[in-house]
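All chains are named by letter (A, B, ...) in the order of the sequence lines, taking the proteins before the strands, and each is independently numbered beginning at 1.
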Amino acid sequence: MEKRKRTNALKDDDENEDNIWWLVVQRGLAPSLISISLFALLVRVAVSLHPYSGAGKPPKYGDFEAQRHWMEITVNLPASEWYRNSTANDLSYWGLDYPPLTAYQSYIHGLFLRNFLPDSVSLQTSHGHESYLGKLLMRWTVLSSDVLMFFPAVFYFIIVYYCSGSHSGRKSDWAWHVAMILLNPCLILIDHGHFQYNCISLGLTIGAVAAILSDKDLLACFLFSLALNHKQMSAYFAPAFFSYLLGKCLRRQNPLLEVLKLGFVGIGTFSIIWWPYLQSVDAFLQVLSRLAPFERGIYEDYVANFWCTSSVLIKWKRLFTIPCLKLLSLGATVSASLPSMVQQIWAPSKQGFLYGLLNSSLSFYLFSYQVHEKSILLPLLPASFLAIDEPFLFKWMMHYALLSIFPLMCRDELILPYISLSALFILLYHAPGGRKEKRDALSPSNLKSFVVVFLVLCSLALHVVYLVVSPPEKYPFLFEAMIMLLCFSQFLFIAGYTNIKQWMTLKDSALENKEKKYL
Amino acid sequence: MTPTKTQISNAATKPNPKSGHLAWYAAVATCIKLLLIPSYHSTDFEVHRHWLALTHSLPLSHWYSDHTSQWTLDYPPFFAHFERFLSLFARLLLDPTILHLHDGLDNSSPSLIVFHRLTVILADSVLVYGIHRLGKKLGSRERNLMWVLVVWNPGLLIVDHMHFQYNGFLLGLLLLSLSWLEDGKDLMGGFAFAVLLCFKHLFAVAAPVYFVYLLRHYCRGGLVRGFGRLVIMGTVVVAVFVAAYGPFVYYGQIQQVLGRMFPFGRGLCHAYWAPNFWVFYILLDKGLAFVLLKLGFIIQAPTASFTGGLVGDSSPFAVLPTVTPLITFVLVLLSLVPCLVKAWRDPQPRMITRWVAYAYTCGFLFGWHVHEKASLHFVIPLAIVAIQSMEDASHYFLLSIVSCYSLFPLLFEAQEYPIKVLLLLLHSSLMWLGFSSHFSQMAANPRALGQKKGGKLGLKGSSGIVLHNEEFVIGWIGKSYLLGLLVVETWGQSLYPVLFGDRLPFLPLMIVSMYCALGMIYSWIWQLRKIIIKQ
């Protein structure tokens, strides 16, 4: 009821003749969530018509084959054999290298596939299985994971975010925000085009964030542990969770007890998930070694992070040994995420936590060991949480995130959905009347707009050049390197900006406190 | 920034409340259409490819006499010219074998698919322009609602952008014609309709309505003036037809052209029965034959079957008299009579869309060899009527769901199943949201209603109806009917294969068309009633 009163005051805005969202938001929360999700789902299904990574490219195929192979392994072998090299499980052929929760998920999806198409998951003989029904069933497993994990988590986040009182937005604002999170083009392209299950780990992370925002710290701890156990890349967010929860515990009456409670939940969750591998030290270490493939080098392909970009000048791979590089990247990552951690431990706040998520994931993306271009999805997620406060930042980051995965999309023959989803994102972002034009610090003023237009033109030109022009023979990866350079510079700039913004939340809250005192 | 970006952001900041968002709706729809490019396409894809090759490689005089493919040209000349126009671009952009009459047969290379789909997407701009013209005089809310109903119509997406046809383009011409008629520009309206007829002759069902309306509305004002106007209109229409058919008369091909355009040998019903009146006629025949057989009468089993698609000369009916094209023609004309009488007595521009839609409904229900796709011919124009009152809205809600559902059998492959279901669900939820918020708002705010009405085209007379209904409701009959759709779908998709296996594979389709035919007949009666009682 309270919510209705508040929204009534803002109703006039929603009924503005020019507002395109009026249609969706008039009848309350549930119907609008349903129609936006139906649209988001339609887009996902439509993208899934397109080819997946490695379609028809023997002998290794691509991520699609990797996921299918894991289903084959998990369905046919006992859990203890999943991470162990054997005649039935050749680890050099797409060996399982994600934590056990991914393996369990593969097992469930494998059962689904075996029920309808046993050939697609038969041991050994199904390698490189490609068929109409096989593709369809695999696509449906991603779709169902998305619907079951990502969508509910987003709803939870939106409800918490807009009902907690910190954001008394217009109804069309949150409709816009839901659309922004659900129709993230990078996520859709990688999950439903390229083929991965990021929706699960990201969904769990969103759930954890929403739990933090609603002060359910133990639930957050549980959900984030699940996310970590689905993809170890979720650790990009770990500094933010750790520092916020630690900072909060320190302010309680009994800090030690609070920390113990959280630790108990975390360790409990981990031990349940790792149960089959806790029988012996050997089995445990076997799994652990699979999760950290340091021998693959500090970077792969062309990813817009520090190591790859600077390798144009400094040949890291040649100059340093792997252990040395490990230490270097660890040091760089920690020092990059340190300011944001310190801020959260010192003065934990919910808004600061969201910025902290962005900062820590960006510093991991930029400086950590073995980063994929797909990992840009992780920093994009907190950026989409902040979309309502930092719309321009979000758009800017999405633009360069899309550019950074463009070479990958070209390899996967997903240019058509790439173009169409980018256009759809821009259209939804600028949906007439969707969002009040707030003047935030990053939105272009007249002075800055020249730079903005120049950079956008650069990136558009790079798209075209990459597609049309064949690179000089001496530098076959010239255009990839240029794309990478441009994206890295932008990401670095964003990281700097958001770190400053996070520290500024401190000032804002201090001001608010002062005002309260005077009142 | 990209042009789209700046364009859209400009539109967003423009203070003028009349500024439309049609471009936005159309652009979003285009994104979805682009995504649907690799989806299933029917044999119509090859039909249109063949026509590209045919018109490109043969001279005009041979267009309608060629036998290279079984997909002979059976659309009127303007459509053939349209294909010829497209083939010019195809020659520039694509591998030339595609345009080869023999070597190109059954070619569906990826580049051709993209090209072909893009032509459909671009041709849809005619629809967008038509709906833009129709929205000019409406209030902002009504306009937005109408645009959502037409530009995001799931039926058009299914038929044009998956199954493959150019209905958006053709319906765009129809809407253009209607928009001119509503504006009182009868000559332009008549001209556009004549052009449309030369693109696709199936639209001729509404010709009697056009004829009566134009005769009474355009050719009024005394004998001399009226006759003068009749001559003007006649000249325009004849000129259009001469432009289309003249060359074929010159080459002595006109017999051939007409023979191709009206293939009556194709039988009463299409392979999948369109949900119309004849479904019940066939079922009645089967039922009677069954009962009479049980009673001991000797019934000769019909030699032709309905499920085979092409039906020869023999009667497919066991008991009831056989149906000839002439009978269907007379039936359609008869059902049109009430509407023609109305149009004769009181030709009002604000009623013309309703009448034309009604004419297509009659053609759909009683016509010869009707395709299920033809339901779009009246569902799209009715979207314009739907926003006028609560009653219209609830009728449209039901009708468009039924029409979209009746198109489901077009996409029979598993890959497109979630897409068609999601399209229908999204459309229904948007319709429900749009209608219910629009009408509840009007009821809650009668002052605003009055203001809005003022800007609307000749709706002052009907505003009373709106005021009586407070909320957008679908009666319990409607609700249970829609629930029945769900039952029919789950029955056909999951229960039927389990219970019957592979036996009687056409039975689920038959049930779908029978169930949808109920809704269609309801819609026909509703429209008829509305036309008769409306002053």
Residues 108-125 of chain B: residues contacting chain A (heavy atom under 4.5 Å, by number):
none

So what's closer than 4.5 Å to chain A heavy atoms on B:Tyr40: side chain, backbone, both or neither?
neither

Gap separating the CD1 atom of B:Ile32 from the CG atom of A:Leu42, nearest 0.5 angstrom
5.0 Å

For the backbone of B:Pro38 and the side chain of A:His50, can you confirm whether one donor and one acceptor N or O come within less than 3.5 Å of each other?
no

Who passes side-chain hydrogen bond (donor to acceptor under 3.5 Å, both in side chains) against A:Tyr466, sequence neighbours left out?
A:Glu480

Residues in residues 421-429 of chain B that sit under 4.5 Å from chain A, counting heavy atoms only:
B:Leu422, B:Leu423, B:Leu425, B:Leu426, B:Ser429

To the nearest 0.5 Å, tell me how far B:Leu430 CG sits from A:Ile34 CD1.
12.0 Å

By residue number, those in residues 411-420 of chain B with heavy atoms under 4.5 Å from heavy atoms of chain A are B:Glu413, B:Ala414, B:Gln415, B:Glu416, B:Pro418, B:Ile419

Roughly how far apart are A:Leu421 CG and B:Leu35 CG, rounded to 0.5 Å?
5.5 Å

For the CG atom of A:Leu428 and the CH2 atom of B:Trp24, what is their distance to the nearest 0.5 Å?
5.5 Å

Does A:Tyr132, at its OH atom, have more than 12 non-hydrogen atoms belonging to other residues, nucleotides or ligands within less than 6.0 Å?
yes

